[in-house]
Amino acid sequence: LETYTSSTGKMIAWVKIPELSSTEDTVVYMYYGNAGNSDLSSDNVWDENYVLVQHLEESTGTATDSSGNGNDGTVTGATEKSATYCKVGRCYQFDGSSDYITVAHDSTVGPTTTLTASAWFKTSDKSVNSRIISKTQAGAFSISLNEDSACTASTLCFAMYVSGDAYYTAEYAVSLLNNDQWYHVA
């Protein structure tokens, strides 16, 4: 459970659904009112394939890893924003130059043969060079605006390091984006 507002009944919760059909209805049951429930751990949401999950809901200066792997991040300079500003729950606003979240290097965070990285972002100036997600050590990858040397200028770019100076890349023209609009990248 990420948040619950009793006055409105609004709830944000993360759940693990073992199988979700695209062709048949999937019934998901929810129970509530059991303060003694002991089955609320992140182990019951994220499986071993998730190595880093940050909801950015903390106000402590630490971006806690919900995967159970301890890949917590340290927030530097970013401003915590309320749920009314954010896409899902709470979020951080970054200044585009000196605000970031650092996660210590861990070999489990990075591609070996496959990688899924995702984030919600919005920008007030799509022409500014910005990293959305990046890892610069072994197993390097990034999702960035206008920034990665592996990609063409003026693109939303996904780059994954292969070897030497070689990268796999996917690029999308920044002109397709609007300022002050939320986007999900994955």
Side-chain angles (χ1 to χ4, degrees), residues 2 12 14 17 20-23 45-47 49-57 63 65-67 69 71 73-186:
E2 185 165 318
I12 298 174
W14 298 89
I17 300 173
L20 189 61
S21 173
S22 64
T23 58
V45 177
W46 313 110
D47 68 23
N49 293 307
Y50 291 85
V51 295
L52 174 61
V53 176
Q54 293 179 331
H55 299 287
L56 306 181
E57 66 199 18
D65 176 14
S66 297
S67 74
N69 291 311
N71 292 312
T74 302
V75 180
T76 302
T79 306
E80 182 185 10
K81 303 300 276 185
S82 71
T84 56
Y85 175 86
C86 305
K87 183 67 177 171
V88 177
R90 294 187 304 216
C91 62
Y92 284 97
Q93 181 176 17
F94 299 87
D95 69 4
S97 62
S98 60
D99 295 353
Y100 54 91
I101 297 174
T102 303
V103 176
H105 172 66
D106 187 310
S107 60
T108 63
V109 181
T112 52
T113 57
T114 60
L115 167 73
T116 300
S118 68
W120 283 98
F121 80 97
K122 80 174 175 178
T123 181
S124 58
D125 184 353
K126 65 184 182 182
S127 68
V128 172
N129 296 353
S130 305
R131 288 183 184 175
I132 299 165
I133 300 173
S134 79
K135 179 179 182 200
T136 57
Q137 285 135 333
F141 64 90
S142 70
I143 298 174
S144 61
L145 284 175
N146 307 312
E147 186 179 70
D148 201 296
S149 60
C151 295
T152 309
S154 299
T155 62
L156 171 61
C157 172
F158 174 80
M160 188 169 85
Y161 173 78
V162 180
S163 66
D165 289 333
Y167 287 83
Y168 291 124
T169 62
E171 302 176 12
Y172 303 91
V174 170
S175 61
L176 300 174
L177 303 177
N178 296 313
N179 288 329
D180 299 313
Q181 180 175 332
W182 283 103
Y183 293 94
H184 182 253
V185 292

Practice task
Go through Thr123 and Tyr183 one step at a time and tell me if the side chain to side chain contact (heavy atoms under 4.5 Å, CB included) criterion holds.
Solution key: CA-CA 9 Å; Thr123 181; Tyr183 293 94; over 6 Å; no
Problem - Residues which pass side-chain hydrogen bond (donor to acceptor under 3.5 Å, both in side chains) with Ser82, listed by chain and number, not counting sequence neighbours - result: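 Ser82: side-chain hydrogen bond (donor to acceptor under 3.5 Å, both in side chains) contacts with Thr84.
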Where the side chain of [X] meets the backbone of [Y], is there a donor-acceptor pair that is under 3.5 Å apart?
X	Y	value
Lys135	Phe141	no
Gln54	Ala63	yes
Asn71	Val103	no
Ser142	Ser144	no
Asn178	Gln181	no
Asn69	Tyr50	yes

How long is the span from the [atom1] atom in [X] to the [atom2] atom in [Y], to the nearest 0.5 Å?
X	Y	atom1	atom2	result
Asn49	Thr116	CG	OG1	9.0 Å
Ser124	Gln93	OG	CD	7.5 Å
Ser175	Leu156	OG	CG	11.0 Å
Cys86	Lys81	SG	NZ	8.0 Å
Ser127	Leu145	OG	CG	9.5 Å

Practice task
Quick one: do Asp95 and Thr79 satisfy side chain to side chain contact (heavy atoms under 4.5 Å, CB included)? Show the steps, please.
Solution key: CA-CA 9 Å; Asp95 69 4; Thr79 306; over 6 Å; no
Do you know which two heavy atoms are closest between [X] and [Y], and how far apart they sit?
X	Y	result
Val128	Asn146	O-ND2, 3.3 Å
Ser66	His55	OG-CD2, 3.1 Å
Thr155	Glu171	CG2-OE1, 3.7 Å
Val185	Ile143	CG2-CG2, 4.0 Å

Problem - From CA spacing to verdict: side chain to side chain contact (heavy atoms under 4.5 Å, CB included), Phe158, Thr169 - result: CA-CA 6 Å; Phe158 174 80; Thr169 62; over 6 Å; no
Practice task
Report yes if the side chains of Lys122 and Tyr85 come closer than 4.5 Å at any heavy-atom pair, otherwise no.
Solution key: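 Yes, their side chains come closer than 4.5 Å.
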Exercise for the section: Mind telling me whether Trp182 and Trp120 have parallel, tilted or perpendicular rings, with 30° and 60° as the class edges? Expected result: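 Answer is perpendicular, since the angle exceeds 60°.
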Practice task
For Ile101 and Thr76, run side chain to side chain contact (heavy atoms under 4.5 Å, CB included): C-alpha distance rounded to whole Å, both residues' side-chain angles, the deciding distance at 0.1 Å, then the answer.
Solution key: CA-CA 6 Å; Ile101 297 174; Thr76 302; over 6 Å; no
